[in-house]
Amino acid sequence: MARSLGSTLRRLRDTAVRLTQNTVGVAMTAYVVLRPDRAGSERARRNAEQLIAACRAFQARHGRFPEALQELVPDFLPELPRAKYEGPEFGFTYDASPDRHVLGWTELIPFGRPFYVLEEDRWGYLD
C-alpha cells in the first residue's frame, strides 16, 4: 500500500510538472506572438509612407496609380520595402480597382490592418 501511494504521488507530481511546463510554454508563445512590436510597427508605417510617395510620383509621371506595387521598381523604389511581417498573408497588400487604390498591411496577427486609400488621401483601420 505504501508503495502504491508513493507511485501515485510521483505520477501526480510528474503530471503537475508537465502541466506547469505546458502552461508556461503556451504563455510564452502567446507573448511572443501577441506582444507589441513598436519598432516593427514604426518601420511598417515609414515604409508605407515611402510606398505612398512612390505611388504619387508614379501617378504624376503616368497619369494613373500603379496597378501593382511591382510597377514602382526600379524607377521609383530600388525594391519593395518590408511591412511589419513578411509573406503574402501579412506583408503589404495593394488592391487596385478602376476607381480605388488601397495600400494595407497586417499590424497585429490575426487582426488589425491599417490601410491607406490613395484617391481619398486617408488612413483607415480594419478589425
Side-chain angles (χ1 to χ4, degrees):
M1 174 133 170
R3 185 175 223 192
S4 176
L5 180 60
S7 175
T8 300
L9 289 175
R10 275 191 297 283
R11 278 196 313 255
L12 285 173
R13 183 197 67 210
D14 292 345
T15 300
V17 167
R18 280 195 308 277
L19 180 60
T20 301
Q21 289 171 339
N22 288 343
T23 301
V24 169
V26 167
M28 292 298 288
T29 300
Y31 173 75
V32 167
V33 170
L34 299 175
R35 74 174 180 231
D37 177 7
R38 184 177 207 110
S41 295
E42 290 171 1
R43 180 192 63 244
R45 181 61 76 133
R46 281 191 312 274
N47 289 346
E49 295 289 349
Q50 287 179 358
L51 287 167
I52 292 165
C55 286
R56 297 221 177 274
F58 184 98
Q59 180 193 35
R61 184 183 295 175
H62 299 286
R64 64 176 179 83
F65 287 116
E67 295 304 309
L69 292 177
Q70 195 60 44
E71 289 184 70
L72 301 172
V73 177
D75 293 339
F76 300 93
L77 294 169
E79 63 184 11
L80 293 178
R82 287 184 52 188
K84 183 174 180 179
Y85 304 103
E86 295 201 45
E89 296 85 21
F90 303 117
F92 282 113
T93 60
Y94 184 72
D95 296 317
S97 66
D99 59 343
R100 193 168 173 176
H101 296 79
V102 181
L103 175 71
W105 73 93
T106 300
E107 177 69 23
L108 297 171
I109 296 174
F111 305 110
R113 296 173 287 182
F115 65 89
Y116 183 83
V117 182
L118 289 157
E119 287 81 5
E120 298 171 14
D121 193 27
R122 73 171 177 89
W123 286 98
Y125 199 84
L126 291 174
D127 298 334

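As the structure is a computational prediction, the values presented were derived from the model and not from experiment. Basis for what follows: all heavy atoms, side chains included, without hydrogens, waters or symmetry-related copies.
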Undergrad: Hey, does the side chain of R43 reach the backbone of A83 with a donor-acceptor pair shorter than 3.5 angstrom?
TA: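 It does hold such a pair.
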
Undergrad: Closest approach of W123 and A48, non-hydrogen atoms and distance?
TA: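 Closest approach of W123 to A48: CH2-CB, 3.9 Å.
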
Undergrad: So do the side chains of Q50 and N47 get within less than 4.5 Å of each other, counting heavy atoms only?
TA: yes

Undergrad: On a heavy-atom basis, which atom in H101 and which in Y94 lie closest, and how many Å separate them?
TA: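 Smallest heavy-atom distance, with atoms named: CD2-OH, 3.3 Å.
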
Undergrad: Okay, side chain of R100, backbone of E120: is any donor-acceptor separation there less than 3.5 Å?
TA: no

Undergrad: Rounded to the nearest 0.5 Å, what separation is found between the CG atom of L72 and the CZ atom of F65?
TA: 11.0 Å

Undergrad: Check whether R82 reaches the backbone of G91 with its side chain - one donor and one acceptor, N or O, closer than 3.5 Å.
TA: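 Side chain of R82 to backbone of G91: no pair is present.
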
Undergrad: Using side-chain contact (heavy atoms from CB on, under 4.5 Å), reason through V102 and T93 one step at a time and then give a plain yes or no.
TA: CA-CA 8 Å; V102 181; T93 60; over 6 Å; no

Undergrad: Check whether L80 and F115 end up in the same hydrophobic cluster, where Ile, Leu, Val, Met, Phe, Trp and Tyr are linked by side-chain heavy atoms less than 4.5 Å apart.
TA: no

Undergrad: For a side-chain contact (heavy atoms from CB on, under 4.5 Å) check, start with the C-alpha distance between Q59 and L118, then their side-chain angles and the critical distance, and finish with the verdict.
TA: CA-CA 10 Å; Q59 180 193 35; L118 289 157; over 6 Å; no

Undergrad: If every non-hydrogen atom of L69 is compared with every non-hydrogen atom of C55, which pair is closest and at what distance?
TA: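 Residues L69 and C55, closest heavy atoms: CD2-SG, 4.4 Å.
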
Undergrad: Please step through side-chain contact (heavy atoms from CB on, under 4.5 Å) for the pair D14 and R11, ending with a clear verdict.
TA: CA-CA 5 Å; D14 292 345; R11 278 196 313 255; 5.7 Å; no

Undergrad: Applying ring-ring contact (aromatic ring centres under 6.0 Å, His included), name anything that partners F58, two or more places apart in sequence or on another chain.
TA: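 Expected list: H62, F76.
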
Undergrad: Taking K84 for the side chain and E107 for the main chain, is one N or O donor matched with an acceptor at less than 3.5 Å?
TA: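 Yes; at least one donor-acceptor contact below 3.5 Å.
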
Undergrad: So, using salt bridge (charged side-chain N to carboxylate O under 4.0 Å, His left out) as the criterion, who are the partners of R46 when residues are at least two apart?
TA: none

Undergrad: Should the ring pair W105 and F92 be called parallel, tilted or perpendicular, given that the plane angle runs from 0 to 90° and is split at 30 and 60?
TA: perpendicular

Undergrad: Counting only heavy atoms not in E119 (residues, nucleotides, ligands), do more than 12 fall under 6.0 Å from its CD?
TA: yes

Undergrad: Answer yes or no: is there a donor N or O on one side and an acceptor on the other, between the side chain of E71 and the main chain of A68, under 3.5 Å?
TA: yes

